[in-house]
Amino acid sequence: MLEKTNVKVLDRVVVRFSGDSGDGMQLAGNIFSNVSAGVGNQISTFPDYPAEVRAPQGTLSGVSGFQVHIGKGVYTPGDKADVLVSMNPAALKQNVKFLKEGGVAIVDIDSFKKADLDKALYTTDEPYKEIGLKGEVVEVPMTTMVKAALADSGLDLKSVMKCKNMFALGLVCWLFDRPLESALHYLHNKFAKKPAIYEANAKVMQAGYDYGHNIHASVSTYRIESDAIRPGTYTDVNGNTATAWGLILASEKSGLPLFLGSYPITPATDILHELAKRKDLGVKACQMEDEIAGVCSAIGAAFAGNLAVTSTSGPGLALKSEGIGLAVMAELPLVIIDVQRGGPSTGLPTKTEQTDLRQALYGRNGESPLAVVAAASPTDCFNMAFEAARIAVEHMTPVVLLTDGFIANGSSAWRIPEEDEYPTIKPNFVKPEMLEQGWRPYMRNEDTEVRYWAVPGTPGFQHRLGGLEKDYRTSAISTDPANHEKMVEARQRKIDLIARNIPEVEVQGNPDADTLLIGWGGTYGHLYTAVEELNRAGKPLAFAHFRYICPLPANTAEVISRYKRVIVAELNNGQFADYLQAKHPMVDIKRINKVQGQPFLVQEIIDGVTKFMEA
C-alpha cells in the first residue's frame with residue numbers, strides 16, 4: 001500500500017500549528033521541533049502568542065500560532081507554511097495568509113459547524129472560498145476521534161478535549177515521517193508526574209498517527225533532507241533558556257557566583273524561571289517586588305563580588321535607568337538583559353521589535369556610557385550572554401544585552417559546546433601590593449582605564465562607592481569642574497577601548513558586490529537567507545551583521561566605506577541606521593524598516609534591497 005503514497009522529497013518544509021490559546025499549539029509545536037532536531041534537521045521556530053490573556057473560545061482575537069521550519073539550510077521560521085494545522089475556523093481565518101499557494105491545510109472539521117463559523121465572523125457557508133484558501137484541504141474529524149479514543153479513559157469531557165492537540169501532532173508526525181517514540185518521550189517528560197494524563201495524550205497521539213496511515217493514499221507525505229552535522233550532543237533550545245545557560249557558563253568561567261535580581265515581565269520572565277531552577281549550580285535568582293528593586297539588588301550583588309544580572313523588557317529598562325546610571329558612576333560590572341517587545345508603554349507585550357536600541361545606548365541622565373551587545377539567534381543568546389558577562393567583568397561596566405521576543409521565544413537546534421570552547425573570564429581584582437602604591441577605589445589600569453575591583457572583605461581594601469562624582473586621583477567626592485570632565489572622559493574612553501577586545505565585523509555574501517546589507521540582533525536569519533537568495537538570482541550582495549553595538553567593532557568604518565550602496569534593515573524606524581550615520585556621516589545609508597510587532601519576511605528584504613539596487 002505504501003507505494004501509493006505521494007511522497008515529496010524536500011530540502012526544507014514549514015509547518016504552522018494554529019488554534020485557541022488553550023488548544024496546546026505551543027506544546028505540539030515544541031514537541032514536533034524537538035523530534036525534528038533529534039533526527040538531524042536544522043530547525044527555526046516562531047511562537048506567535050495572542051495579546052489577550054484568555055479571549056473567548058473560537059474567536060479571532062484568541063488565536064495562537066506556532067510555526068516551525070525544518071530541513072537543511074534553515075535560518076528562519078519561513079515566510080509561509082507548506083502545512084497549516086487549524087483547530088477551528090478562527091484559526092484558519094487568521095492564518096490562511098501564512099499558507100503557501102498549493103500548500104496543505106489540515107482542519108478539525110468537527111469544529112466547522114455554523115455556530116463556530118459565526119463566532120469567527122464568517123458570512124457564508126463556504127468558509128474555504130470566503131477566505132481565499134488555495135490548496136489541498138484535509139478535513140479530519142479530530143474531536144470525534146479523540147472522544148472515541150478516550151471513551152473508556154474515565155476523563156471528563158474538558159480533559160478529553162485538551163488532548164486534541166496530540167491527535168494533530170500524531171498526524172503531522174506521520175505526515176513527515178517523524179519517529180513517534182521520540183514524541184512520546186518528550187510527552188512523558190512533560191507529564192511525568194501525571195501518568196493518567198500522559199497515557200491519555202499518548203493514546204490520542206497514536207490515534208492521530210494511525211489515522212494518517214489510513215488516509216495515506218489520498219494525502220501527500222514528505223521526506224525532509226538533513227545536513228551533515230558536526231558530531232556532538234544536540235538539543236532544541238529557545239533564546240531565553242540559552243541566555244540563562246550562557247550566564248551560568250560565565251559564572252563558571254569567571255569563578256564568580258551568579259546573582260539575578262529580576263521582576264516578571266513578558267517576554268523576559270523565562271530567564272528568571274530557568275535560573276531559579278539552578279540552585280544546584282549555586283545560582284541565586286531573586287524575584288524582587290518591582291523593576292527598580294531588581295536592578296538595585298543586582299548592583300548590591302555586583303559590589304559584593306558577584307556576577308550580577310537583571311532581566312527585563314522595554315518598560316522595565318526605562319524604570320531601571322536611574323539604577324543603571326548608578327552602576328555607571330560606581331563602575332560596577334552589571335549585565336542588563338532587555339528582551340525587546342513592541343512599545344511604547346505597555347505596547348505589544350507578546351510581539352517582537354528592535355525599538356529599544358536608543359534607550360539602551362542613551363536612556364540615562366548625564367554622560368552615562370556603557371557597552372551594548374545584541375544576540376543574533378536563539379542559540380546565539382548563549383554566546384552573547386556569555387560575552388555580555390565577560391565584558392562587564394573584565395571592563396568593570398554595565399552591559400546591556402539586547403534580545404527580542406522573536407528569538408527569546410523561538411528555538412533552534414543547538415550543539416552543546418565543550419567547556420574549553422569558551423575563554424576564562426578574568427576579573428580585574430585588586431592585588432595586595434596596591435596597598436603600598438596608595439590604592440584608592442578609582443585607581444585604574446593605565447592601558448584600559450578599567451578600575452580595579454575590591455570585593456568587600458578583602459583585608460585593607462575597605463571603601464565606599466556612590467552616585468556622586470569622585471576625584472580622579474584621590475577617589476574622594478569632588479565637584480571640581482575640570483575633574484568632572486576628566487572622569488567623564490575616562491568613563492567614555494574605557495568603553496571605547498573595549499573595541500580592542502571584541503571581534504571585527506565579518507562580511508558574508510558576494511565578495512565582489514558593491515551593495516552591502518547591514519543588520520543587527522535577531523534579524524540575522526531573515527537577512528542572511530535573503531542575501532543568499534539574491535546572490536543566487538544574480539544580484540550581487542554583501543552582508544554584515546552587528547552583534548557588538550557599543551562600541552562598534554574596530555573595522556566598522558573600513559567595511560562600510562568599501563561599498564557604493566549601504567542598506568540597513570531593522571525592526572524599528574531606523575535607530576541603528578541613525579547611529580551608524582552619526583558615527584560615519586560620509587556614508588549615505590539607505591533603510592528598510594518594519595514596525596508591526598512581527599519579524600521580517602525574507603521576501604520583504606528581497607523586495608527592499610532590489611528596489612534600492614534598481615533605483
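What you see is a predicted model, and the numbers here were worked out from it, not measured in a lab.
Listed by first and then second residue, the salt bridge (charged side-chain N to carboxylate O under 4.0 Å, His left out) pairs involving residues 14-33 are Arg16-Asp48 (not counting sequence neighbours). Screening residues 162-179 for salt bridge (charged side-chain N to carboxylate O under 4.0 Å, His left out), with sequence neighbours left out, gives Asp108-Lys164.
Remark: Glu421 CD is packed, more than 12 non-hydrogen atoms of other residues, nucleotides or ligands lying under 6.0 Å away. Applying the 6.0 Å contact sphere to CD of Gln603 captures more than 12 heavy atoms from other residues, nucleotides or ligands. Shown here is Glu139, whose CD atom has more than 12 heavy atoms of other residues, nucleotides or ligands within 6.0 Å. More than 12 heavy-atom neighbours from other residues, nucleotides or ligands sit within 6.0 angstrom of NZ on Lys100.
Side chain of Asp156 to backbone of Ser159: a donor-acceptor contact under 3.5 angstrom is found. Checking side-chain atoms of Arg415 against main-chain N and O of Pro231 turns up a donor-acceptor pair under 3.5 Å. Although no hydrogens or angles enter the test, the distance criterion places a donor-acceptor pair under 3.5 Å between the side chain of Asn240 and the main chain of Pro267. Of the possible donor and acceptor atoms, none in the side chain of Gln354 sits under 3.5 Å from a partner among the backbone N and O of Glu570. Checking side-chain atoms of Thr235 against main-chain N and O of Val237 turns up no donor-acceptor pair under 3.5 Å. For Lys93 (side chain) and Ile131 (main-chain N/O), no donor-acceptor pair under 3.5 Å exists by modelled atom type. Looking at His69, its side chain does come within 3.5 Å of a backbone N or O of Thr76 through a donor-acceptor pair. With Asn165 contributing its side chain and Met25 its backbone, the two residues share no donor-acceptor pair below 3.5 Å. One N or O on the side chain of Asn535 and one on the backbone of Leu541 form a donor-acceptor pair closer than 3.5 Å. Proximity of a side-chain donor or acceptor of Glu130 to a complementary backbone N or O of Thr123 within less than 3.5 Å is detected.
Using the six-membered ring where Trp is involved, Tyr75 and Tyr524 have ring planes that are perpendicular, over 60° apart on the 30 and 60° scheme. Aromatic ring pairs are classed by plane angle as parallel below 30°, tilted from 30° to 60° and perpendicular above 60°; the pair His188 and Tyr198 is perpendicular.
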Open item on the list: As a quick check of understanding, evaluate side chain to side chain contact (heavy atoms under 4.5 Å, CB included) for Phe382 and Leu249, giving each step before the final call.
Closed with: CA-CA 9 Å; Phe382 180 90; Leu249 179 63; 3.6 Å; yes
TODO: Assess whether side chain to side chain contact (heavy atoms under 4.5 Å, CB included) is satisfied between Phe600 and Ile592, documenting all intermediate values.
DONE: CA-CA 10 Å; Phe600 279 120; Ile592 299 173; 4.2 Å; yes
Open item on the list: Quick one, Ile265 with Arg341, criterion side chain to side chain contact (heavy atoms under 4.5 Å, CB included). Give me CA distance, side-chain angles, the key distance, then yes/no.
Closed with: CA-CA 10 Å; Ile265 183 171; Arg341 71 191 207 189; 3.5 Å; yes
Open item on the list: Could you walk me through whether Ile31 and Met166 satisfy the side chain to side chain contact (heavy atoms under 4.5 Å, CB included) test, starting with their C-alpha distance in whole Å, then the side-chain angles of each, then the deciding distance to 0.1 Å, before giving a yes or no?
Closed with: CA-CA 10 Å; Ile31 293 177; Met166 290 299 107; 4.3 Å; yes
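At a threshold of 4.5 Å between non-hydrogen side-chain atoms, the residues Phe66 and Leu27 do not count as touching. Within the 4.5 Å cutoff, the side chain of His545 has no heavy atoms near those of the Tyr528 side chain. A 4.5 Å side-chain heavy-atom check between Gln340 and Glu353 finds every atom pair outside the cut-off. You'll find the side chain of Asn41 stays beyond 4.5 Å of the side chain of Val74, heavy atoms only. Contact of the Val146 side chain with the Val160 side chain is registered, since non-hydrogen atoms from C-beta on lie closer than 4.5 Å. Proximity of Asp607 to Glu604: side-chain heavy atoms (C-beta onward) are nowhere separated by under 4.5 Å. Looking at Trp174 and Tyr211, their side chains never come closer than 4.5 Å, going by heavy atoms from C-beta outward. Contact annotation: the side chain of Asn201 never approaches that of Lys190 to less than 4.5 Å [non-hydrogen atoms, C-beta and beyond].
A donor-acceptor pair shorter than 3.5 Å cannot be found between the side chains of Ser111 and Asp116. Checked by atom type, the side-chain pair Asn383/Glu387 shows no donor-acceptor distance below 3.5 Å. For the residue pair His213/Asp210, the side-chain donor-acceptor check at 3.5 Å is not satisfied. Residues Thr379 and Ser412 bring no donor and acceptor atom of their side chains to less than 3.5 Å of each other. Judged purely by distance below 3.5 Å, without hydrogens or angles, the side chains of Glu252 and Tyr422 never pair a donor atom with an acceptor atom.
Using a cutoff of 4.0 Å between basic side-chain nitrogens and carboxylate oxygens, Asp280 and Arg278 are scored as salt-bridged. Residues Asp118 and Lys114 are paired through a salt bridge, judged by an N-O separation under 4.0 Å between the basic side chain and the carboxylate.
Of the inter-residue distances, the one linking Gln94 atom CD with Ser61 atom OG reads 8.5 Å to the nearest 0.5 angstrom. How far NZ of Lys113 is from OG1 of Thr143: 7.0 Å, rounded to the nearest 0.5 Å. How far OG1 of Thr45 is from CG of Asn238: 7.5 Å, rounded to the nearest 0.5 Å. Going from atom CZ of Phe17 over to atom CD1 of Ile106 covers 8.5 Å, rounded to the nearest 0.5 Å. Taken from NZ in Lys129 to OH in Tyr122, the straight-line distance is 15.0 Å, to the nearest 0.5 Å. Between atom CG of residue Asp380 and atom CZ of residue Arg547 there is a gap of 4.0 Å, rounded to the nearest 0.5 Å.
Closest of all the heavy-atom pairs between Leu401 and Ala388 is CB-CB, 4.2 Å. Residues Val63 and Pro50 approach most closely at O-CB, 3.6 Å, considering heavy atoms. When all heavy atoms of Ser18 and Ala91 are compared, the closest pair comes out as OG-CB, 3.5 Å. Closest heavy-atom contact between Lys594 and Gln598: CE-O, 3.8 Å. Of all heavy-atom pairs between Ala200 and Cys163, the closest is CB-SG, 4.1 Å. Across every non-hydrogen atom of Cys173 and Phe32, the tightest pair is SG-CD1, 4.4 Å.
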